[in-house]
Amino acid sequence: MATTLDVKIKRANKVYHCGEILSGVVVITSKDSVQHQGISLTMEGSVNLQLSAKSVGVFEAFYNSVKPIQLINSTVEMVKPGKLPSGKTEIPFEFPLQVKGNKVLYETYHGVFVNIQYTLRCDMRRSLLAKDLTKTCEFIVHSPPQKGKPTSSPVDFTITPETLQNVKERALLPKFLIRGHLNSTNCIITQPLTGELVVVNSEAAVKSIELQLVRVETCGCAEGYARDATEIQNIQIADGDVCRNLPIPIYMVFPRLFTCPTLETTNFKVEFEVNIVVLLRDDHLITENFPLKLCRM
């Protein structure tokens, strides 16, 4: 049996806040005793920014500014060079989740062009003939809860051919009237987005109604900004030609890791929007867009 290295974090959900103590054990399992040159544990947190293909070439100056932003980086030596016995060895650790200076621990977020990630990396250095062992484990950071309740911002909407933008031949559109409301566009990230939609009338049969959650990621510097919108999830709330004047509930849960509280810094921004998409039988696609503000309570 080869020597194996594992990092286990105490909390099952792996969620921590700035100022807390991150604790767990490093587990080394081996059939025979293991000679090593030291075991160290490194905590890293960084924001990785990436440019979309359409921005490359437009912003050559970006390449200097789109370097990873380091939020936290500290290493401790857990075991000095020596020998570990055969079998299973557990080495406990405690790591304070503290930042230096005026840096902020942004919430963990897995995006396309912006990625905020925190990891623990354990390195076991060995002699020239044996390969060094490395094990990485991700933990999740949540931003501190917002003080005070977010102000509710309900939105009523009416969609007709006249309200649509970016339409070339409005006269060719079938007549329709869709009404509805979102209970609030200021959303608590742990609670669903809710509302209601009613198809009052439509000349063309309805094929499908969907809710589309979109992230809008902006990377940039003084030279310019690259702004890219990508879909996170798409939920069908109605299929086929729905009954007229029947309230259709709008209900969307924000996915973990792919969403975070709305974030705006000097180098990057992460914002969210929801699209209500109605597809008519003759392939007319109607989209209504609503910017969202997410916060953690």
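The basis for the numbers below is simple: all heavy atoms, side chains too, and nothing from hydrogens, waters or symmetry mates.
- Considering all non-hydrogen atoms of both residues, I39 and C122 come closest at CG2-SG, 3.7 Å.
- Under the rule for a salt bridge (Lys or Arg N to Asp or Glu O under 4.0 Å), the partners of E90 that lie at least two apart in sequence or sit in another chain are K88.
- With sequence neighbours excluded, the residues forming a salt bridge (Lys or Arg N to Asp or Glu O under 4.0 Å) with K207 are D283, listed by chain and number.
- Hydrophobic clustering (ILVMFWY, side-chain heavy atoms < 4.5 Å, transitive): I189 and I250 are in one cluster.
- Residues I188 and P150 meet the side-chain proximity criterion, which asks for heavy atoms closer than 4.5 Å.
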Go through the steps for I116 and F268 under the test side-chain contact (heavy atoms from CB on, under 4.5 Å), then give the verdict.
-> CA-CA 11 Å; I116 305 169; F268 67 95; 4.2 Å; yes
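- Looking only at atom types and distance, the side chain of E138 has a donor-acceptor partner in the side chain of H110 under 3.5 Å away.
- Taking 4.5 Å as the limit, some side-chain heavy atom of S23 sits within range of a side-chain heavy atom of K10.
- With respect to the salt-bridge test (charged N to carboxylate O, under 4.0 angstrom), the residues R121 and D123 qualify.
- Nearest approach of Q37 to S127, heavy atoms of both residues: CG-N, 4.1 Å.
- Contacts of T230 classified as side-chain contact (heavy atoms from CB on, under 4.5 Å), with partners at least two apart in sequence or in another chain: V112, F113, R215, E217.
- Here the side chains of I28 and I91 are in contact, with some heavy-atom distance below 4.5 Å.
- Side-chain N or O atoms of D241 include none that pairs as donor or acceptor with a backbone N or O of A205 at under 3.5 Å.
- Defined by atom type and a distance below 3.5 Å, a donor-acceptor pair is present between the side-chain atoms of T185 and S153.
- Applying side chain to side chain contact (heavy atoms under 4.5 Å, CB included) to M124 and the options D132, V26, T134, V34 leaves one that passes, V34.
- For the residue pair N245 and P247, the shortest heavy atom distance occurs at O-CD, 3.6 Å.
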Taking it one step at a time, do L213 and E231 satisfy side-chain contact (heavy atoms from CB on, under 4.5 Å)?
-> CA-CA 6 Å; L213 183 62; E231 184 186 299; over 6 Å; no
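- Between K131 and R126, the shortest heavy-atom distance links the atoms O-NE, 2.8 Å.
- Residues S202 and R244 have side chains in contact (heavy-atom distance under 4.5 Å, counting atoms from C-beta outward).
- Between P92 and M78 the shortest heavy-atom distance is O-CE, 3.9 Å.
- Neither side chain, S86 nor D32, offers a donor N or O lying under 3.5 Å from an acceptor on the other.
- Ring pair F139/Y118 is tilted by interplanar angle, where 30° to 60° counts as tilted.
- Tracing side-chain contacts under 4.5 Å through hydrophobic residues (I, L, V, M, F, W, Y), one never reaches L177 starting from L279; they form parts of separate clusters.
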Output a table of donor-acceptor pairs, distance under 3.5 Å, between side-chain atoms of residues 287-295 and any protein atom two or more places apart or on a different chain; print 'none' if there are none.
{"residue": "N289", "atom": "ND2", "partner": "E273", "partner atom": "OE1", "Å": "2.9"}
{"residue": "N289", "atom": "ND2", "partner": "N275", "partner atom": "OD1", "Å": "2.7"}

Let me see the working for I209 and L197 under side-chain contact (heavy atoms from CB on, under 4.5 Å), right down to the final yes or no.
-> CA-CA 10 Å; I209 303 174; L197 179 140; 3.8 Å; yes
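- For the pair R11 and Y16, the cation sits on the ring face: its NZ or CZ lies under 6.0 Å from the ring centre, inside 45° of the axis.
- Between the CD atom of Q117 and the OG1 atom of T136 there is a distance of 10.0 Å, given to the nearest 0.5 Å.
- Sorted by first and then second residue, the side-chain hydrogen bond (donor to acceptor under 3.5 Å, both in side chains) pairs involving residues 156-166 (not counting sequence neighbours) are T160-E162.
- The shortest distance between side-chain heavy atoms of C137 and I9 falls below 4.5 Å.
- There is no path of hydrophobic side-chain contacts, each under 4.5 Å, that joins L22 to V25.
- Tracing side-chain contacts under 4.5 Å through hydrophobic residues (I, L, V, M, F, W, Y), one never reaches L211 starting from V214; they form parts of separate clusters.
- The same ILVMFWY cluster, assembled from side-chain heavy atoms under 4.5 Å apart, contains both M252 and Y109.
- Once rounded to the nearest 0.5 Å, the distance linking CD1 of I178 with CZ of F157 reads 8.5 Å.
- Here the side chains of T3 and L84 are not in contact, with every heavy-atom distance at 4.5 Å or above.
- Annotation: the span from T29 atom OG1 to L5 atom CG amounts to 9.0 Å, rounded to 0.5 Å.
- In terms of heavy atoms, V242 sits closest to V199 at CG2-CG2, 3.6 Å.
- Considering only heavy atoms from C-beta on, H284 comes within 4.5 Å of P174 through its side chain.
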Go through the steps for L193 and F272 under the test side-chain contact (heavy atoms from CB on, under 4.5 Å), then give the verdict.
-> CA-CA 12 Å; L193 170 76; F272 298 93; over 6 Å; no
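- When only modelled atom types and interatomic distance are considered, E210 and S208 share a side-chain donor-acceptor pair under 3.5 Å.
- Applying the salt bridge (Lys or Arg N to Asp or Glu O under 4.0 Å) criterion to K83, with sequence neighbours excluded, gives no partner residue.
- Considering CG of N73 and CD of E44, their distance stands at 5.0 Å, rounded to 0.5 Å.
- Between I235 and Q233, some side-chain heavy-atom pair lies under the 4.5 Å cut-off.
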